[in-house]
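These numbers come from the heavy atoms of this one structure, side chains and all, not from hydrogens, waters or symmetry mates. In this text, all values refer to a predicted model and were calculated from it rather than measured experimentally. Index from 1, following the sequence.
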Amino acid sequence: MIIKRLLLCLALVALLASPAFSQCTPQPLDGQYSTYAGTLLPGRVSEAWCAGLGPGVPGNMENAESWNGAALGTQWHVWGMAIDAAGAIETARSIDGTGTGWIDYTTNYDGGLFWLSGSGPWGGTPAGFTGFLTYYNVSTRVSYVGGQMVGATSNVFFTGVFDNCPNCAIEYTIANAMFVWRTGMPNQPSPFPAFLCGASSGEYFDACCIMTKIHCNPVGTEPATWGAIKSIYRS
């Protein structure tokens with residue numbers, strides 16, 4: 001992982017130092033956008049069980065799209081992040097003798113891409129903005145009654161860098177996700193984002209309470225400083 005991040009940082013150095021990538025036009029507008037302010041739509045999420053083995057397994061892949069109450073993916077799309085080799089790691093638990101209580105997990109994901117609509121409050125062209133994720137983490141509390149799972153609530157945090165705008169970054173996105181449905185339960189709801197990796201099983205979540213901050217550092221034709229790069233790419 002350290003080598004992977006070093007190579008990514010070196011790639012950013014090369015891009016930022018090149019006049020061809022010194023700026024992008026238009027670039028996303030700096031700002032903090034949120035569902036609270038009405039500038040960001042809530043979303044729906046699927047997590048594919050890529051090996052068919054259930055939740056928390058390395059390789060399981062997420063697919064999240066905005067939801068306006070009628071259609072998916074009209075404002076944003078974040079997809080392709082896969083659970084890393086460690087899988088979901090238990091961090092705490094409180095379960096009584098009847099099997100009632102909770103278990104906490106933290107899960108890190110590798111990879112992932114994003115798209116933001118050009119009609120969003122951050123501006124842009126009709127094609128919108130694309131980029132890649134640099135960090136994606138989910139902390140989840142799974143609740144049980146009588147030994148049966150009755151719900152799961154997650155806190156999501158991720159960062160990212162824009163394609164062709166390497167001086168621009170999603171400094172952070174935070175969101176809450178609530179478990180809705182998983183394979184084996186009746187009454188599969190629709191529509192939800194498709195399961196990725198060719199999977200036929202997985203879970204669905206609703207994403208709410210989202211807040212994201214976009215920031216672009218001024219970049220000229222001079223090579224970027226290491227400090228400027230660190231302000232964009234946060235390990």
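Taking both residues in full, the closest heavy atoms of His215 and Asn217 are given as NE2-OD1, 2.9 Å, listed atom of the first, atom of the second, then distance. Scanning both residues, Gly59 and Ala82, for their nearest heavy atoms gives O-CB, 4.0 Å. Here the closest non-hydrogen pair linking Ala85 and Pro58 is O-CG, 3.5 Å. Smallest separation of non-hydrogen atoms from Ala207 and Val45: CB-CG2, 4.1 Å. Of all non-hydrogen atoms in Pro26 and Thr125, the two that sit nearest each other are CD-CG2, 3.6 Å. Between Trp67 and Pro191, the shortest heavy-atom contact is CZ3-CG, 3.6 Å.
No side-chain heavy atom of Lys213 sits less than 4.5 Å from a side-chain heavy atom of Ile170. Side-chain contact between Glu65 and Ser46 is absent, with no heavy-atom pair separated by less than 4.5 Å. Counting only heavy atoms from C-beta outward, the side chains of Arg141 and Ile103 never approach each other to under 4.5 Å. At a threshold of 4.5 Å between non-hydrogen side-chain atoms, the residues Ser117 and Thr74 do not count as touching. Residues Ser66 and His77 fail the side-chain proximity criterion, which asks for heavy atoms closer than 4.5 Å. The shortest distance between side-chain heavy atoms of Tyr144 and Thr100 does not fall below 4.5 Å. Taking 4.5 Å as the limit, some side-chain heavy atom of Pro193 sits within range of a side-chain heavy atom of Leu72. Put simply, the side chain of Thr212 reaches to within 4.5 Å of the side chain of Leu40, judged on heavy atoms.
In terms of the side chain to side chain donor-acceptor pair (under 3.5 Å) criterion, Asn155 has no residue partners (sequence neighbours excluded).
Salt-bridge annotation for Arg93 and Asp104: absent, with no side-chain N of the basic residue lying under 4.0 Å from a carboxylate O of the acidic one.
Here the two cysteines Cys216 and Cys165 have their SG atoms 2.5 angstrom or farther apart.
Asn108 and Asn137 share a side-chain donor-acceptor pair at under 3.5 Å. Residues Tyr172 and Gln32 bring a donor and an acceptor atom of their side chains to less than 3.5 Å of each other. Between the side chains of Thr91 and Thr106, no donor-acceptor pair of N or O atoms lies under 3.5 Å.
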Give the table of side-chain donor-acceptor pairs shorter than 3.5 Å for residues 176-185, with sequence neighbours excluded, one pair per line with atom names and distance.
unit_1 : atom_1 : unit_2 : atom_2 : d
Trp181 : NE1    : Met185 : O      : 3.1
Trp181 : NE1    : Pro186 : O      : 3.3
Arg182 : NE     : Glu203 : OE2    : 3.0
Arg182 : NH2    : Glu203 : OE2    : 2.4
Thr183 : OG1    : Gly202 : N      : 2.8
Thr183 : OG1    : Gly202 : O      : 3.3

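Annotation: the span from Glu62 atom CD to Trp79 atom CH2 amounts to 14.0 Å, rounded to 0.5 Å. A distance of 8.5 Å separates CG in Asp30 from CD1 in Ile214, rounded to the nearest 0.5 Å. Rounding to the nearest 0.5 Å gives a distance of 12.5 Å between CD of Glu90 and OG1 of Thr140. Put simply, CG on Asp163 and CZ on Phe129 are 11.5 Å apart, with the number rounded to the nearest 0.5 Å.
Put simply, the side chain of Gln75 gets close to the backbone of Leu41: a donor and an acceptor are under 3.5 Å apart. Checking side-chain atoms of Ser154 against main-chain N and O of Val156 turns up no donor-acceptor pair under 3.5 Å. No side-chain donor-acceptor contact under 3.5 Å links Glu47 to the backbone of Phe205.
Aromatic pair Phe192/Tyr204: ring centres closer than 6.0 Å.
Residue pairs meeting the ring pair (Phe, Tyr, Trp, His ring centres under 6.0 Å) criterion with at least one member in residues 88-120, sequence neighbours excluded, are Tyr109-Tyr136, Phe114-Phe162.
There is a path of hydrophobic side-chain contacts, each under 4.5 Å, that joins Tyr33 to Phe158. By the rule that hydrophobic residues join a cluster once side-chain heavy atoms approach within less than 4.5 Å of another member, Val138 and Trp49 end up as members of separate clusters. Residues Leu196 and Val57 do not share a hydrophobic cluster, defined by chaining ILVMFWY side chains whose heavy atoms lie under 4.5 Å apart. No continuous path of hydrophobic side-chain contacts links Ile83 to Leu53 [ILVMFWY only; heavy atoms under 4.5 Å]. In the hydrophobic clustering of this structure, Leu133 groups with Ile210; members are Ile, Leu, Val, Met, Phe, Trp, Tyr whose side-chain heavy atoms approach within less than 4.5 Å, directly or through other members.
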